[in-house]
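Here the structure comes first, spelled out in structure tokens, and everything after it is commentary.
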Amino acid sequence: MSEPIRISAPAGVAPAAQYSHVVTATGRLVAVSGQLALDEDGKLVGPGDPAAQARQVFENLDRCLAAAGAGFEHVVKLTYFVTDMAHMPAVRAARSAHIPDDRLPASSAIQVAGLVSPDFLMEIEALAVLPDTGPTTA
């Protein structure tokens, strides 16, 4: 896989400050299911606290990516499901702890009426691309 190519401002499209409009890459796809603010025992982290929940979600994403042999440097797309767009600054702060501003993936943010429990403020999923090294087993 070559380094993902990030295009933050395609011709004729308004520049994006918080994401890349386009990311291209070739290799092996890693899809990480939406992660919630649960610790390893399945307990909610940060009830009512979007910053604490965002930090936990990104820690969970980090662990999931690592299990596939990937890291945030391989992430080409993040999808954010939030119960209130007011949580996005906390999400961006947590993301910045893992992804530098010059390597932002493509992103979508969707405000939802609710998640699996009303205690969850966000769920975040990731797509990453790894070098194609042939079939793998986990």
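Position 1 is the first residue of the sequence, and the numbers go up from there.
To the nearest 0.5 Å, atom OG of residue Ser33 and atom CD1 of residue Ile124 are 13.5 Å apart. The line from CG of Leu65 to CD of Glu73 is 8.5 Å long, rounded to the nearest 0.5 Å. Here the CZ-OG1 distance, from Phe120 to Thr83, works out to 11.5 Å after rounding to the nearest 0.5 Å. Atom NE2 in His87 sits 13.0 Å away from atom CZ in Arg92 (nearest 0.5 Å).
In plain terms, the two heavy atoms of Ser96 and Asp101 that are nearest each other are OG-OD1, 4.0 Å. The two residues Leu104 and Ala17 have their closest heavy-atom pair at CD1-O, 3.7 Å. When all heavy atoms of Val57 and Ala37 are compared, the closest pair comes out as CG2-N, 3.6 Å. Contact detail for Arg103 and Arg6: the closest heavy-atom pair is O-NE, 3.0 Å. Taking both residues in full, the closest heavy atoms of Val91 and Ala54 are given as CA-CB, 4.0 Å, listed atom of the first, atom of the second, then distance. Annotation for Ser107 and Pro105: closest pair OG-O, 3.4 Å, computed over non-hydrogen atoms.
Without hydrogens or angle criteria, His74 side chain to Gly71 main chain gives a donor-acceptor distance under 3.5 Å. Under the 3.5 Å distance criterion, the side-chain polar atoms of Thr79 are left unmatched by any main-chain donor or acceptor of Ser108. Side-chain N or O atoms of Asp39 include one that pairs as donor or acceptor with a backbone N or O of Gly42 at under 3.5 Å. In terms of modelled atom types and a separation under 3.5 Å, the side chain of Asp49 and the main chain of Ala51 share a donor-acceptor contact. Between the Gln56 side chain and the Leu38 main chain, a donor and an acceptor come within less than 3.5 Å of each other. Between the Gln53 side chain and the Gly46 main chain, a donor and an acceptor come within less than 3.5 Å of each other. Remark: side-chain polar atoms of Ser117 are paired, donor with acceptor, to backbone N or O of Asp119 under 3.5 angstrom.
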If you apply the rule side-chain contact (heavy atoms from CB on, under 4.5 Å), what do you find for Gln18 with Arg95, and how did you get there?
CA-CA 10 Å; Gln18 299 296 327; Arg95 182 196 63 201; 3.3 Å; yes
Derivation and outcome, side-chain hydrogen bond (donor to acceptor under 3.5 Å, both in side chains), residues Gln35 and Arg63:
CA-CA 11 Å; Gln35 295 297 301; Arg63 290 180 183 107; over 6 Å; no
Between Tyr19 and His21, does the ring-ring contact (aromatic ring centres under 6.0 Å, His included) criterion hold? Intermediate values first, please.
CA-CA 6 Å; Tyr19 58 91; His21 277 291; 5.2 Å; yes
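One hydrophobic cluster, built from ILVMFWY side chains closer than 4.5 Å, holds both Met85 and Leu78. Side-chain heavy atoms closer than 4.5 Å link hydrophobic residues (I, L, V, M, F, W, Y) into clusters, and following such links, even through other members, never connects Leu121 to Val45. If you chain together hydrophobic residues whose side chains sit under 4.5 Å apart, Val32 and Leu115 never meet in one group. Taking hydrophobic clusters as Ile, Leu, Val, Met, Phe, Trp and Tyr residues chained together by side-chain heavy-atom distances below 4.5 Å, Leu44 shares a cluster with Val116. Under the 4.5 Å side-chain heavy-atom criterion for ILVMFWY residues, a single connected hydrophobic cluster contains both Leu36 and Phe81.
Using bins of under 30°, 30° to 60° and over 60° for the plane-to-plane angle, the ring pair Phe58/Tyr80 lands in the tilted bin.
Taking the side chain as every heavy atom from C-beta outward, Lys77 and Glu125 never approach each other to under 4.5 Å.
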